[in-house]
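Structure first, commentary second.
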Number of protein chains: 2
Amino acid sequence: MKARAYSREHLVRVLRDHDITPTHQRVEIAHALFSRCEHLSADGILTIVNDRAAETSKATVYNTLNLFLDRKLVREVIVDPSRVFYDPNTAPHHHFYNIDTGELTDIDEADVNISGLPQLPRGMMVEGVDVIVRIRSR
Amino acid sequence: MKARAYSREHLVRVLRDHDITPTHQRVEIAHALFSRCEHLSADGILTIVNDRAAETSKATVYNTLNLFLDRKLVREVIVDPSRVFYDPNTAPHHHFYNIDTGELTDIDEADVNISGLPQLPRGMMVEGVDVIVRIRSR
DNA sequence: GTAGTTGCAAAGTGTTTGCAGGCAG
DNA sequence: CTGCCTGCAAACACTTTGCAACTAC
């Protein structure tokens with residue numbers, strides 16, 4: 001992903017493109033997600049957004065993230081039942097998960113080749129393939 | 001996995017082999033998991049175990065599952081943040097996840113080939129690779 | 001102006017913990 | 001007998017919801 005500092009104006013356009021009314025809070029949440037190349041949890045986002053001045057509630061963060069999810073602006077990464085991460089990179093890709101630190105790192109899908117998956121059950125289609133490589137320090 | 005009805009005596013031996021005191025409840029929970037080739041949630045196990053007569057509490061199911069996990073008798077499958085499944089098949093393998101029904105199906109690891117994973121960060125080792133193929137009806 | 005959004009607090013869900021009584025060895 | 005195990009209920013962390021006030025357009 002490009003490590004670009006997304007401007008507020010650009011984010012407003014992106015939100016509109018996804019049929020999301022660009023309220024102040026939503027722009028801030030989008031900014032938190034897109035301006036850094038990190039995988040954030042709802043709680044992490046809440047902290048960042050309220051870093052300077054408390055202006056966004058927990059409920060709004062959750063509602064907004066679910067909205068972004070629904071509008072396919074972000075993607076959920078499920079690696080630990082007690083930690084859901086939101087990934088601003090919606091292109092298909094995979095992850096390293098550091099089980100010691102909880103850190104997530106992207107793996108470009110182009111690099112990875114998966115072959116030999118069995119036939120799908122009849123009438124089914126693939127929605128997506130997630131690969132999680134769990135790593136830890138030696 | 002062999003679709004074999006595990007006897008209680010056999011399970012007692014298995015538990016002992018894993019340094020687990022084979023109490024009545026633990027044997028029942030192990031039986032629920034191993035006697036069927038399903039991926040069960042804590043709640044599903046609670047239901048099965050108490051199907052005839054209520055004799056096992058929720059807390060014991062959770063404690064026991066965590067114990068089994070720790071002793072590597074079962075494995076956790078994380079596909080949905082609100083549903084943790086316990087998999088009696090500890091051999092490396094992957095999963096189909098039906099996002100409509102929540103159903104999990106095993107994929108034999110021998111069939112699947114993954115190539116092109118990037119170098120690990122320095123000093124790291126792979127603990128395991130999970131592949132989840134999310135499917136839905138067409 | 002009006003529909004959609006927000007904040008707060010309360011309710012929900014799945015899981016863990018503290019403690020008194022009970023079972024395994 | 002002794003220590004580990006169990007059940008219960010309370011505690012917990014995370015997420016969702018109901019509702020009155022507010023904001024985008």
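Chain A is the first sequence line, chain B the second, and so forth, proteins listed ahead of strands; every chain is numbered from 1.
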From [options], nucleotide with atom closest to [X] side chain:
| X | options | value |
| --- | --- | --- |
| B/Ser57 | D/dG7, C/dT16, C/dT6 | D/dG7 |
| B/Ala42 | C/dT15, D/dT15, C/dG7 | C/dT15 |
| B/Thr60 | D/dT15, C/dT6, D/dG7 | D/dG7 |

Check your understanding: Any ion pair linking A/Arg134 and A/Asp100 (charged N to carboxylate O, less than 4.0 Å)?
Key ->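 A/Arg134 and A/Asp100: not salt-bridged.
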Practice item. Give A/Thr56 one of three labels, base, sugar-phosphate or nothing, depending on what nucleic acid heavy atoms sit under 4.0 Å from its own. Key: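 Counting heavy atoms under 4.0 Å across all strands, the contact made by A/Thr56 is with sugar-phosphate only.
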Check your understanding: Heavy atoms under 4.0 Å, any strand shown: does A/Arg26 hit a base, just sugar-phosphate, or nothing?
Key -> sugar-phosphate
Test of understanding: with side-chain contact (heavy atoms from CB on, under 4.5 Å), list the residues that count as partners of [X], not counting sequence neighbours.
| X | result |
| --- | --- |
| A/Thr60 | A/Gln25, A/Thr56, A/Ser57, A/Thr64 |
| B/His18 | B/Val14, B/Ile20, B/Arg71, B/Leu73 |
| A/Asp43 | A/Ser41, A/Leu46 |

Write down the protein N/O and nucleotide N/O pairs, taken from nucleotides 23-25 of chain C, whose separation is under 3.5 Å; answer none if there are no such pairs.
unit_1 : atom_1 : unit_2  : atom_2 : d
C/dG25 : OP1    : B/Arg16 : NH1    : 3.1

Review point. Hey, is the side chain of A/Asn66 poking within less than 4.0 Å of OP1 or OP2 on D/dT16, counting only N and O atoms?
Key: yes
Point to revise | A/Gln25 side chain near C/dG7 phosphate (N/O to OP1/OP2, under 4.0 Å) | key: yes
Measure from [atom1] on [X] to [atom2] on [N] and round the result to the nearest Å.
| X | N | atom1 | atom2 | value |
| --- | --- | --- | --- | --- |
| A/Arg83 | D/dC14 | CZ | C1' | 13 Å |
| A/Asp19 | C/dT5 | CG | P | 11 Å |
| B/Leu67 | C/dT15 | CG | C1' | 16 Å |

Protein-nucleic acid N or O pairs under 3.5 Å, nucleotides 17-19 of chain D:
none

Revision key, fill the gap. If each end axis of the helix from C/dG1-D/dC25 to C/dG25-D/dC1 is fitted on five C1' pair positions, the angle between them, to 10 degrees, is 40°
**Study point:** Nearest heavy atoms of A/Glu76 and A/Tyr86, plus distance in Å
**Key:**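 Reported closest heavy-atom pair: CG-CE2, 4.2 Å.
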